[in-house]
Amino acid sequence: MDLTNGQSSMIYFTATPSERSSSSESLSEKASNDPKKSFDAVVFDVLKVTPEEFASQITLMDAPVFKAIQPEELSSCGWNKKEKHSSSPNVVAFTRRFNHVSFWVVREILTAQTLKIRAEVLSHYVKTAKKLYELNNLHALMAVVSGLQSAPIFRLTKTWALLSRKDKTTFEKLEYLVSKEDNYKRLRDYVNSLKMTPCIPYLGKDYSFEFFRSSGSSNYLLDA
C-alpha cells in the first residue's frame with residue numbers, strides 16, 4: 001500500500017421511487033428481477049471485513065500464482081531482464097500481486113474521510129499484516145508492510161499517533177523481521193527455520209538473489 005474501499009469510497013447508483021419504497025426487498029432480489037435496475041449508494045467498508053478474512057483471501061489469491069512459477073524462471077533471474085514477460089511470466093504476475101496489495105493498502109488509508117477512521121484503517125492493516133505473518137504468507141506481509149512504510153502513509157504523523165501501543169509494537173516487530181538490513185538476513189533466517197512448513201516467500205529482487213546464493217538452490221522456494 002489519509003484481497004473494496006473504506007468508509008471513503010462509494011459507488012453511486014440512482015434508484016427509482018418505487019425501489020426506494022420497497023425497503024423490505026433485498027438488493028440481490030431486485031437485481032435478479034431486473035438487471036437494468038440500480039440502487040442507492042452501496043458502500044464497501046474495509047473495517048467490516050476481519051483481518052483474518054483479508055489475510056486468508058489474499059493468501060488464497062497469492063497461492064495459485066506462486067505455485068505457477070517454474071524453477072527456471074527463478075534460476076535464470078529472468079524477471080530482471082527486458083524479456084521478463086516471456087522468460088518469467090509467472091514471477092511477473094506474482095510481482096503484480098505484490099503491487100496490487102501494497103497500492104490497495106495505501107489507497108484505503110488515504111481515502112478515509114476522517115482522522116479517526118484513517119487511524120482505524122491503519123490499525124486494521126497492521127492486524128492484517130500480523131495474520132499474514134501467522135499464515136506464512138511472507139510475500140503479502142511484505143506488500144502490506146511496504147504500503148505502510150511508503151512516504152504517503154509514513155508521513156501521517158497524526159494518524160500514527162492514534163495507533164494503540166499494541167499495534168505499534170506489532171508493526172515494529174514485523175518491520176524488524178522484513179528489514180533490508182544485512183540483505184534481509186532476519187527474513188532469510190526465518191524462512192530457513194520453517195523447515196517443511198508451507199509458506200509463500202517474498203520474491204523481491206535483492207532478497208531472492210541473496211536467498212538463492214546462500215541456499216544454493218531455487219527449488220527450496222518452490223517446495224516451501
Side-chain angles (χ1 to χ4, degrees), residues 1 3-5 9 44 46 49 51-111 124-125 128-153 174-175 177-180 183-184 187-188 190-192 194 196-224:
M1 354 236 182
L3 118 89
T4 348
N5 291 336
S9 296
F44 181 80
V46 295
V49 180
E52 292 85 355
E53 187 63 23
F54 269 138
S56 63
Q57 291 301 317
I58 291 171
T59 301
L60 286 172
M61 295 174 71
D62 284 347
V65 184
F66 171 63
K67 290 173 67 176
I69 297 174
Q70 301 302 306
E72 57 269 19
E73 293 185 56
L74 299 175
S75 60
S76 67
C77 293
W79 69 88
N80 290 325
K81 303 173 182 177
K82 290 184 178 180
E83 62 275 12
K84 61 184 179 181
H85 293 283
S86 58
S87 61
S88 299
N90 297 302
V91 174
V92 172
F94 199 47
T95 301
R96 190 177 297 118
R97 282 285 309 145
F98 180 99
N99 292 335
H100 284 172
V101 171
S102 189
F103 291 146
W104 168 61
V105 169
V106 173
R107 183 190 68 214
E108 294 301 331
I109 295 173
L110 293 180
T111 55
H124 210 61
Y125 282 121
T128 299
K130 181 182 179 183
K131 293 301 177 182
L132 288 166
Y133 165 73
E134 293 172 356
L135 290 174
N136 282 326
N137 186 346
L138 305 180
H139 197 257
L141 165 63
M142 182 67 83
V144 174
V145 171
S146 294
L148 297 178
Q149 289 177 325
S150 66
I153 305 303
L174 295 174
E175 269 192 317
L177 173 66
V178 302
S179 170
K180 294 181 179 180
N183 291 319
Y184 299 95
L187 185 57
R188 287 186 284 115
Y190 177 73
V191 173
N192 282 324
L194 293 176
M196 297 302 294
T197 304
C199 79
I200 300 179
Y202 171 56
L203 288 187
K205 180 177 68 174
D206 296 334
Y207 169 80
S208 299
F209 174 79
E210 182 61 28
F211 186 89
F212 298 157
R213 187 181 67 81
S214 61
S215 66
S217 173
S218 62
N219 290 334
Y220 180 91
L221 288 175
L222 294 179
D223 290 338

If you round to the nearest 0.5 Å, how far is [atom2] of [Y] from [atom1] of [X]?
X	Y	atom1	atom2	value
D62	L135	CG	CG	11.0 Å
H100	T95	NE2	OG1	11.0 Å
T59	F54	OG1	CZ	13.0 Å
N183	R188	CG	CZ	6.0 Å
F66	L203	CZ	CG	6.0 Å
I153	R107	CD1	CZ	11.5 Å

What are the two closest heavy atoms between [X] and [Y], and how far apart are they?
X	Y	result
Y190	L138	CE2-CD2, 3.9 Å
K130	L174	N-CD1, 3.8 Å
C199	L194	CB-CD1, 3.8 Å
V106	P152	CG1-CB, 4.5 Å
V144	A129	CG1-CB, 3.8 Å
A140	I58	CB-CG2, 3.6 Å

Proximity of H139 and F94 rings by center, below 6.0 Å: yes
Steps toward side chain to side chain contact (heavy atoms under 4.5 Å, CB included) verdict (L177, L141): CA-CA 10 Å; L177 173 66; L141 165 63; 4.3 Å; yes
Parallel, tilted or perpendicular: ring planes of Y125 versus W104, cut at 30 and 60 degrees: perpendicular
Please tell me if the side chains of [X] and [Y] come closer than 4.5 Å, counting only heavy atoms from C-beta onward.
X	Y	value
N137	K131	no
V105	T128	no
Q57	V49	no

Side-chain donor/acceptor of S56 to backbone N/O of E52, under 3.5 Å: yes
